[in-house]
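We count residues from 1, following the sequence as given.
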Amino acid sequence: MTADGIQHIEVQKIAEAQKKISGSEVLLRCLVHERVQHIFGYPGGAIMPVYDALYHYGDQLTHLLVRHEQGAIHAAQGYARVSGKVGVVFATSGPGATNLVTGLADAQIDSTPLVCITGQVFAHLLGTDAFQETDVINTTLPVTKWNVQVTEAKDIAPAIAKAFYIAASGRPGPVLVDITKNAQNELIEEFAYESCTRVRTYKPKPVLQLAQAEAAASLINQAKRPYILAGQGVLLGDACKELLEFSNKTGIPVANTLLGLGSFPSHHPNYVGYLGMHGNYGPNVNTNQCDVLIAVGMRFDDRVTGNVSKYAKQAKVIHIDIDKAEINKIIKADVALHADAKEALAALTKLVSVCTHNDWIQSFRTLNQLEYEKVVEKEIMNTATLKMAEVIHMLSQLTNGEAVVVTDVGQHQMVTSRYYQFKNPRTSITSGGAGTMGFALPAALGAKVAAPRHEVIAVIGDGGYQMTMQELGTIMQYNIPVKILVLNNNFLGMVRQWQQLFHGKRYSFTEMQNPDFVKIAEAYNIQADKVTDQKDLEDALKKMLASDTSYFLEVVVEKEDNVFPMVPAGAGVAEVILELPN
């Protein structure tokens with residue numbers, strides 16, 4: 001062959017190669033097709049080809065470099081919970097992937113839609129204990145809705161399409177796609193992306209059975225003391241409007257679970273409060289007084305039921321849930337509606353009679369007034385010391401209950417759930433089922449990215465704050481104007497409360513010696529202030545809220561403050577204690 005012929009072949013090979021794209025670019029094109037806007041991630045060796053391709057996608061995909069992979073996944077959770085979209089995470093293999101496990105578990109139990117993409121070692125090295133190789137599929141199997149390992153570039157697009165479909169449909173949840181490095185590098189022909197609309201054997205949206213809806217409506221129409229327990233399924237199913245219409249027509253009182261807060265307006269006359277271990281007195285006590293209990297998009301978590309053997313034995317139970325596994329799992333339903341909350345509530349509203357239950361609602365008011373006199377008034381009108389309740393009550397008033405409030409886990413979380421009056425859906429963001437300390441700071445920055453025009457406030461205890469405090473670096477780098485409110489009691493407060501009440505005041509390793517939080521915030525170029533005196537609280541909160549930039553406020557609260565009411569472990573929901581026992 002002549003030199004010209006060889007040169008022609010080489011040119012032809014180059015031209016053919018230029019028509020092909022890498023697996024990494026396939027992945028990014030898939031994300032663009034799925035209308036992803038933000039990615040939270042941390043690069044590393046096994047995912048480096050993806051990051052190399054991402055360098056050229058800055059005008060289509062915004063990547064935020066976090067300071068720890070756990071920060072990435074919690075940020076994606078906050079983003080997903082506020083926006084209703086799927087949160088997206090990038091991480092490398094080995095420790096990068098395993099650092100996602102806590103967030104995956106949190107997202108799984110709290111039904112948060114995520115697609116996590118991890119890099120993996122070359123396919124030929126799988127199973128050899130190669131550098132930074134971890135069996136991420138078996139590691140994450142119990143804490144994902146679905147996961148898959150991709151070893152060839154041709155399989156990336158179908159896997160990503162399926163991942164987004166599974167994560168967002170039915171009961172949402174986290175999905176993980178593990179892509180080997182050779183698949184990221186491999187060149188394949190240009191492709192047309194096809195969204196996934198169905199998966200064989202997976203039926204995410206059940207068909208509402210009219211007979212069951214009619215049976216539920218019959219119970220409701222005959223009820224004298226019906227009661228709605230509204231969970232996060234109302235928010236996930238975009239059913240807030242339907243819940244409001246259903247309650248308006250029937251006059252039925254509504255209480256919210258922790259994750260359901262905001263699904264029903266707190267200022268509505270039918271709203272009776274917050275359920276659970278530290279919930280309002282009326283909602284807990286009247287659970288054992290109602291004659292028909294209507295559970296919508298909630299799973300009867302043990303923090304809501306207390307001792308199951310003492311829970312709502314007198315009531316007929318109607319359970320509406322999109323996840324069949326939750327029905328009859330803990331509380332037996334007399335009528336089960338395996339259905340989407342939006343469709344079920346709309347169907348029920350057509351079938352039920354117009355009614356009022358003024359006396360029944362008044363019974364909640366009477367019980368909650370007792371709680372006010374024994375608990376609330378002493379906390380928010382207290383003049384001796386700064387209490388958590390006083391801070392949150394004032395914050396709620398100053399923001400008119402309209403801010404997005406992201407809480408960590410502990411006493412401050414329960415106080416915020418009790419005293420912040422959430423008016424709007426998707427504004428209460430917290431870690432529920434997993435109770436993950438360290439959740440709030442990264443979740444708040446993700447929430448602010450999702451809702452840049454909303455006030456986003458992270459309310460955190462001094463313990464949880466120090467678990468993911470490094471994400472102040474992410475806030476600084478991207479100028480994310482999130483407000484950070486740390487309630488500092490120099491204790492792991494919730495554990496200390498249990499030690500006080502149930503372990504003879506043996507405060508075993510719960511007292512904390514904390515650093516200078518203000519100096520740390522200032523080191524990250526974040527405005528910071530500290531309040532130790534009641535008289536300075538209101539001005540400090542106003543200054544924080546008025547800031548156009550990120551802002552850190554530490555409020556030193558009463559060191560041994562307790563959260564009441566409280567349903568003790570092993571007690572029934574009606575066995576609520578309102579104050580310290582003698």
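Contact of the L104 side chain with the L176 side chain is registered, since non-hydrogen atoms from C-beta on lie closer than 4.5 Å. Between Y551 and K543 there is a side-chain heavy-atom pair separated by less than 4.5 Å. Side chains of F264 and I228 form no contact here, defined as non-hydrogen atoms less than 4.5 Å apart. Using a 4.5 Å heavy-atom cutoff, the side chains of V459 and L487 are in contact. Counting heavy atoms from C-beta on, the side chains of M298 and E326 never come closer than 4.5 Å. Counting only heavy atoms from C-beta outward, the side chains of T92 and T118 never approach each other to under 4.5 Å. T287 places none of its side-chain heavy atoms less than 4.5 Å from the side chain of K310. Side-chain atoms of V576 and M566, non-hydrogen and from C-beta on, never get closer than 4.5 Å to each other.
Remark: the backbone N or O of K85 is paired with a side-chain donor or acceptor of S83 at under 3.5 angstrom. Checking side-chain atoms of Q70 against main-chain N and O of G103 turns up no donor-acceptor pair under 3.5 Å. Side chain of D408 to main chain of A440: a donor-acceptor pair is present (N/O by atom type, distance under 3.5 Å, no hydrogens or angles). A donor-acceptor pair under 3.5 Å links the side-chain atoms of N488 to the main chain of N490, judged by distance alone. Looking only at distances, no side-chain donor or acceptor of N280 sits under 3.5 Å from a matching main-chain atom of P283. Here the side chain of S396 pairs no donor or acceptor atom with the backbone of I392 at under 3.5 angstrom. No side-chain donor-acceptor contact under 3.5 Å links S266 to the backbone of G262. Counting only distance, with no hydrogens or angles, the side chain of Y79 and the backbone of A443 share no donor-acceptor pair below 3.5 Å. Side chain of S431 to main chain of T436: a donor-acceptor pair is present (N/O by atom type, distance under 3.5 Å, no hydrogens or angles). In this structure, the side chain of Q499 engages the main chain of S508 through a donor-acceptor pair within 3.5 Å.
Nearest approach of A80 to L114, heavy atoms of both residues: CB-CD2, 4.5 Å. Closest heavy-atom contact between N368 and V272: ND2-O, 3.0 Å. Closest approach of H319 and I327 over heavy atoms only: ND1-CA, 4.0 Å. Minimum interatomic distance between S111 and R171 (heavy atoms only, all atoms of both residues): OG-NE, 2.8 Å. Of all the heavy atoms in G279 and P565, the pair that sits closest is O-CG, 3.6 Å. Heavy atoms only, all atoms of each residue included: Y311 and L229 are closest at OH-CD1, 3.3 Å.
Here the options are L261, V404, T399, the test is side-chain contact (heavy atoms from CB on, under 4.5 Å), and the partner is T427; only V404 passes. Among L235, D110, V406, L236, the single residue meeting the side-chain contact (heavy atoms from CB on, under 4.5 Å) criterion with R81 is D110. For the side-chain contact (heavy atoms from CB on, under 4.5 Å) criterion with Y274, the lone passing option out of N256, N284, L258 is L258. Among T305, L259, I331, I109, the one residue that satisfies the side-chain contact (heavy atoms from CB on, under 4.5 Å) test with R299 is I109.
Remark: aromatic rings of F40 and H74 are distant, center separation not under 6.0 Å.
Summarising the geometry, atom CZ belonging to F90 is positioned 12.0 Å from atom CG belonging to L64; distances are rounded to the nearest 0.5 Å. With rounding to the nearest 0.5 angstrom, the CG atom of L441 is 8.5 Å from the OG1 atom of T474. In this structure, CE on M388 lies 11.0 Å from CG on L386, to the nearest 0.5 angstrom. Between I179 atom CD1 and Q149 atom CD the span is 10.0 Å, to the nearest 0.5 Å. T112 OG1 to I73 CD1: the interatomic distance, rounded to the nearest 0.5 Å, is 9.5 Å. Once rounded to the nearest 0.5 Å, the distance linking CE of M414 with CE of M494 reads 6.0 Å.
Other residues, nucleotides and ligands contribute at most 12 non-hydrogen atoms within 6.0 Å of the NE2 atom of H454. For CZ of F509, the number of neighbouring non-hydrogen atoms (other residues, nucleotides, ligands) closer than 6.0 Å is 12 at most. Counting heavy atoms of neighbouring residues, nucleotides and ligands inside a 6.0 Å radius, atom OH of Y42 does not exceed 12 of them. Within 6.0 Å of atom NZ in K374, 12 or fewer heavy atoms from other residues, nucleotides or ligands are found, so the atom counts as exposed in its surroundings.
With salt bridges taken as basic N to acidic carboxylate O contacts below 4.0 Å, none links R303 and D301. Salt-bridge check for E511 with K559: passed, with a basic side-chain N closer than 4.0 Å to an acidic carboxylate O. Using a 4.0 Å cut-off between a side-chain N of Lys or Arg and a carboxylate O of Asp or Glu, E371 and R418 qualify as a salt bridge. Using a 4.0 Å cut-off between a side-chain N of Lys or Arg and a carboxylate O of Asp or Glu, K387 and E558 qualify as a salt bridge.
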Would you please test I47 and Q120 for side-chain contact (heavy atoms from CB on, under 4.5 Å) and show each step? CA-CA 7 Å; I47 200 170; Q120 184 56 275; over 6 Å; no

Go through the steps to decide whether K483 and V456 satisfy the test side-chain contact (heavy atoms from CB on, under 4.5 Å), and finish with yes or no. CA-CA 6 Å; K483 310 298 168 59; V456 176; over 6 Å; no

Take Q466 and N514 through the side chain to side chain donor-acceptor pair (under 3.5 Å) test and state the conclusion after the steps. CA-CA 9 Å; Q466 293 178 84; N514 292 319; 2.8 Å; yes

Y372 vs Y281, test: ring-ring contact (aromatic ring centres under 6.0 Å, His included). Steps then yes/no. CA-CA 9 Å; Y372 182 85; Y281 193 54; over 10 Å; no

Begin with the C-alpha distance, continue with both residues' side-chain angles, and end with the deciding distance and a verdict on side-chain contact (heavy atoms from CB on, under 4.5 Å) for L65 and R67. CA-CA 7 Å; L65 173 65; R67 299 303 185 262; 4.1 Å; yes

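A donor-acceptor pair shorter than 3.5 Å cannot be found between the side chains of H393 and E390. Of the N and O atoms on the side chains of R506 and Q500, not one donor lies less than 3.5 Å from an acceptor on the other residue. With 3.5 Å as the limit, one finds a donor-acceptor pair spanning the side chains of Q411 and Q497. Checked by atom type, the side-chain pair T468/E471 shows no donor-acceptor distance below 3.5 Å. Counting only N and O atoms by type, the side chains of N489 and R496 include no donor and acceptor under 3.5 Å apart.
The aromatic rings of F517 and Y465 stand perpendicular to each other, their planes meeting at an angle above 60°, with 30° marking the opposite boundary. Classified by interplanar angle (parallel below 30°, tilted 30° to 60°, perpendicular above 60°), the ring pair Y420/F422 is tilted.
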Residues 518-532 side chain polar contacts: donor-acceptor under 3.5 Å, at least two apart:
residue: Q527; atom: NE2; partner: S547; partner atom: OG; Å: 3.1
residue: Q527; atom: NE2; partner: T549; partner atom: OG1; Å: 2.9

